[in-house]
Each structure stands twice: as C-alpha cells, then as structure tokens.
A.B. asks: 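First, the structure itself, so that you have it in front of you.
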Amino acid sequence: IHLKGELKNETGTKQKIEVVSTILDAQNTVIVSAKNNVVIDTDGTFNQEFEVENPRLWSPDSPTMYALETKLYVDGKLKDTYQTPFGIRSIELKGGKGFFLNGKSIKFKGLSNHHDAGPVGSAVPDDVLYSRLKLVKEMGANALRTTHNPFSPEFYAMCDTLGILVMDEAFDGWYT
C-alpha cells in the first residue's frame, strides 16, 4: 500500500514532524506500521509504504475494511490524529470481457438512487439511509448509481461496509 499524505503547517515556523501511520484490521489489531520525519515550512508531503501479508480483500460478498491511523508528533508530543477507512482490492477493466474485482468477473446488479428520501426530504437521517441501503443489499444488488448529485460522506462509508459498489455521478450529461 502506497500512502502519500499532505501536511499544512500553520505555526509560522519550520516544524520537524514525526509521522506514524498504522494499519488496523476490523478488530483494531495492528497489522503494520511505518514512521518517518518531515521538515516543513508551510506545506509538505510525506510518503509511506506498507506490506499487508495475506490481506482480506474487499468485495460485495465480503466487504472487509481496514483503518489507517495517522498520528503527527512535534517534539514528541501528539498534535493530530486522523483515521482513514479503506478496503484492499484490485480492479481491472478488460475490453470485451468487462469488470474484474480481485481477479474475478463481476456483473453490476443495481439501481439508480436519488439523494433524497421522498417525504423525509434531502437531509436524509443516517438510520433512514442505512435502512434503504440494507434493503438494496437484501434485494441482491451489489451496485448503486448516484443520480445527478453527490451524496453525504456517510453514504459512501455505509456502502463500503455493506459491500456496495458505487458509480458516483456528479451531474447529468451523457452526451457532453
């Protein structure tokens, strides 16, 4: 796994930052860690590489999620922590053969989903959104196309954990 992170230093002085990143499995067990030091004035980047042995691959049938926990230290003191959920998988598009996930041909079985919830409106409560996504999964669908509008970050997190592939459509424009 290749990680490239961006840092912003708002202190006004050059900072030496220790970046410690840890990959955790679904049970919060540490899988692998990496650390490095970065010196930045205002903005900077860091790169880290991880090898996860025998990863559990994400798929609609087995939506295994990991978490990347990144901690920033200045002078040995913890200054920031950020956690990023992710799944490990390989994706291929083969001309004339279709979409392959983790080396296996996958057919999209899904529907279009508008961002609102009918009488509930556009500010859809998480429990309503989750119930709808569970119904989609129980129907046998493995994919959704968002229709014309971006969804909330919670929607994408729910799709990740339920094993739903998403075609994210930011606008309607098939011919332009």
Side-chain angles (χ1 to χ4, degrees), residues 1-7 19-36 45-70 82-117 122 124 126-176:
I1 296 171
H2 306 283
L3 169 65
K4 180 179 181 180
E6 296 179 8
L7 301 171
V19 181
V20 179
S21 299
T22 304
I23 293 178
L24 307 163
D25 67 12
Q27 291 75 39
N28 283 325
T29 303
V30 173
I31 303 298
V32 64
S33 293
K35 85 175 161 177
N36 55 335
T45 61
F46 66 93
N47 293 288
Q48 294 176 327
E49 293 203 15
F50 306 87
E51 185 171 331
V52 177
E53 293 184 27
N54 303 311
R56 295 192 57 209
L57 301 179
W58 184 97
S59 72
D61 295 329
S62 179
T64 303
M65 297 294 292
Y66 290 86
L68 172 71
E69 184 176 75
T70 304
Y82 193 81
Q83 197 165 78
T84 307
F86 69 98
I88 299 174
R89 65 225 176 239
S90 68
I91 296 171
E92 295 176 87
L93 294 173
K94 297 182 181 181
K97 294 184 180 179
F99 179 82
F100 286 74
L101 180 67
N102 304 324
K104 297 178 185 170
S105 176
I106 297 281
K107 302 295 182 215
F108 295 110
K109 297 178 276 185
L111 52 121
S112 294
N113 191 39
H114 282 269
H115 71 285
D116 67 335
S122 293
V124 182
D126 288 351
D127 60 336
V128 172
L129 186 56
Y130 188 76
S131 295
R132 289 176 68 188
L133 290 172
K134 278 191 66 167
L135 281 172
V136 165
K137 190 72 176 179
E138 289 168 8
M139 288 174 21
N142 66 3
L144 280 176
R145 178 185 133 240
T146 63
T147 49
H148 325 306
N149 295 290
F151 278 54
S152 68
E154 293 80 9
F155 166 83
Y156 300 104
M158 290 177 198
C159 288
D160 284 344
T161 59
L162 288 170
I164 299 173
L165 299 159
V166 177
M167 179 187 152
D168 202 12
E169 182 181 275
F171 54 88
D172 190 14
W174 294 102
Y175 301 106
T176 57

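The figures here come from the full heavy-atom set of this structure, side chains too, leaving out hydrogens, waters and symmetry mates.
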A.B. asks: Restricting to non-hydrogen atoms, name the atom on Gly110 and the atom on Ala141 that form the minimum distance, rounded to 0.1 Å.
C.D. replies: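 Smallest interatomic distance, heavy atoms only, reads CA-CB, 4.0 Å.
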A.B. asks: Does CD belonging to Glu6 count more than 12 external heavy atoms closer than 6.0 Å?
C.D. replies: no
A.B. asks: Measuring from Ser105:OG to Lys97:NZ, what's the distance to the nearest 0.5 Å?
C.D. replies: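 One gets 10.0 Å once the value is rounded to the nearest 0.5 Å.
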A.B. asks: Backbone N or O of Pro60 within a donor-acceptor pair of the Lys137 side chain at under 3.5 Å?
C.D. replies: yes
A.B. asks: Could you pull out all donor-acceptor pairs under 3.5 Å where a side-chain atom in residues 150-161 meets a protein atom, sequence neighbours excluded?
C.D. replies:
from, atom 1, to, atom 2, distance (Å)
Ser152, OG, Glu154, OE1, 3.3
Ser152, OG, Phe155, N, 3.3
Tyr156, OH, Phe151, N, 3.2
Tyr156, OH, Asp168, OD1, 2.7
Tyr156, OH, Asp168, OD2, 3.2
Thr161, OG1, Ala157, O, 3.3
Thr161, OG1, Met158, O, 3.1

A.B. asks: Hey, could you give me the CE/CG distance between Met139 and Leu111, rounded to the nearest 0.5 Å?
C.D. replies: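 The CE atom of Met139 sits 5.0 Å away from the CG atom of Leu111.
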A.B. asks: Within a reach of under 6.0 Å around OH of Tyr82, are more than 12 heavy atoms found that belong to other residues, nucleotides or ligands?
C.D. replies: no
A.B. asks: Quick check: do Asn113 and Arg132 have side-chain heavy atoms less than 4.5 Å from each other?
C.D. replies: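 Counting from C-beta outward, Asn113 and Arg132 do come under 4.5 Å.
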A.B. asks: Using 0.5 Å steps for rounding, measure from the CD1 atom of Ile88 to the CG atom of Asn102.
C.D. replies: 10.0 Å
A.B. asks: Which residue in the set Ile106, Val136, Leu162, Ile164 passes side chain to side chain contact (heavy atoms under 4.5 Å, CB included) when paired with Asn142?
C.D. replies: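 It is Ile106; the other options fail the test.
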A.B. asks: Looking only at non-hydrogen atoms, find the nearest pair between Gln48 and Ser21 and report the distance.
C.D. replies: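 Taking Gln48 first and Ser21 second, the nearest heavy atoms are OE1-OG, 2.6 Å.
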A.B. asks: Please name the pair of heavy atoms, one in Ser33 and one in Phe50, separated by the smallest distance, quoted to 0.1 Å.
C.D. replies: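 Answer, listing the atom of Ser33 first, then Phe50: C-CE2, 4.0 Å.
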A.B. asks: Is there side-chain contact between Gln83 and Leu24, with heavy atoms separated by less than 4.5 Å?
C.D. replies: yes
A.B. asks: Return the minimal non-hydrogen interatomic distance between Phe108 and Ala143, and the atom names on each side.
C.D. replies: CD2-CB, 3.8 Å
A.B. asks: State, yes or no, whether a side-chain contact exists between Thr22 and Leu68 at a heavy-atom distance under 4.5 Å.
C.D. replies: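 Thr22 vs Leu68: side chains apart.
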A.B. asks: Can you tell me how far the CG atom of Asn36 sits from the CD atom of Glu49, to the nearest 0.5 Å?
C.D. replies: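 Answer for the CG-CD pair, Asn36 versus Glu49, is 11.0 Å.
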A.B. asks: Nearest 0.5 Å please: distance from the OG1 atom of Thr147 over to the CE atom of Met167.
C.D. replies: 10.5 Å
A.B. asks: I need the Ile1 CD1 to Glu51 CD distance, nearest 0.5 Å.
C.D. replies: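 If we round to the nearest 0.5 Å, Ile1:CD1 and Glu51:CD are 10.0 Å apart.
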A.B. asks: Using every non-hydrogen atom in the two residues, find where Arg56 and Tyr66 come nearest and quote the distance to one decimal.
C.D. replies: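 Scanning both residues, the minimum pair turns out to be N-OH, 2.9 Å.
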A.B. asks: Does Leu57 form a side-chain contact (heavy atoms from CB on, under 4.5 Å) with Ser62? I'd like the steps, not just the answer.
C.D. replies: CA-CA 8 Å; Leu57 301 179; Ser62 179; over 6 Å; no
A.B. asks: Which pair of heavy atoms, one from Ala67 and one from Phe86, lies closest together, and at what distance?
C.D. replies: C-CE2, 3.8 Å
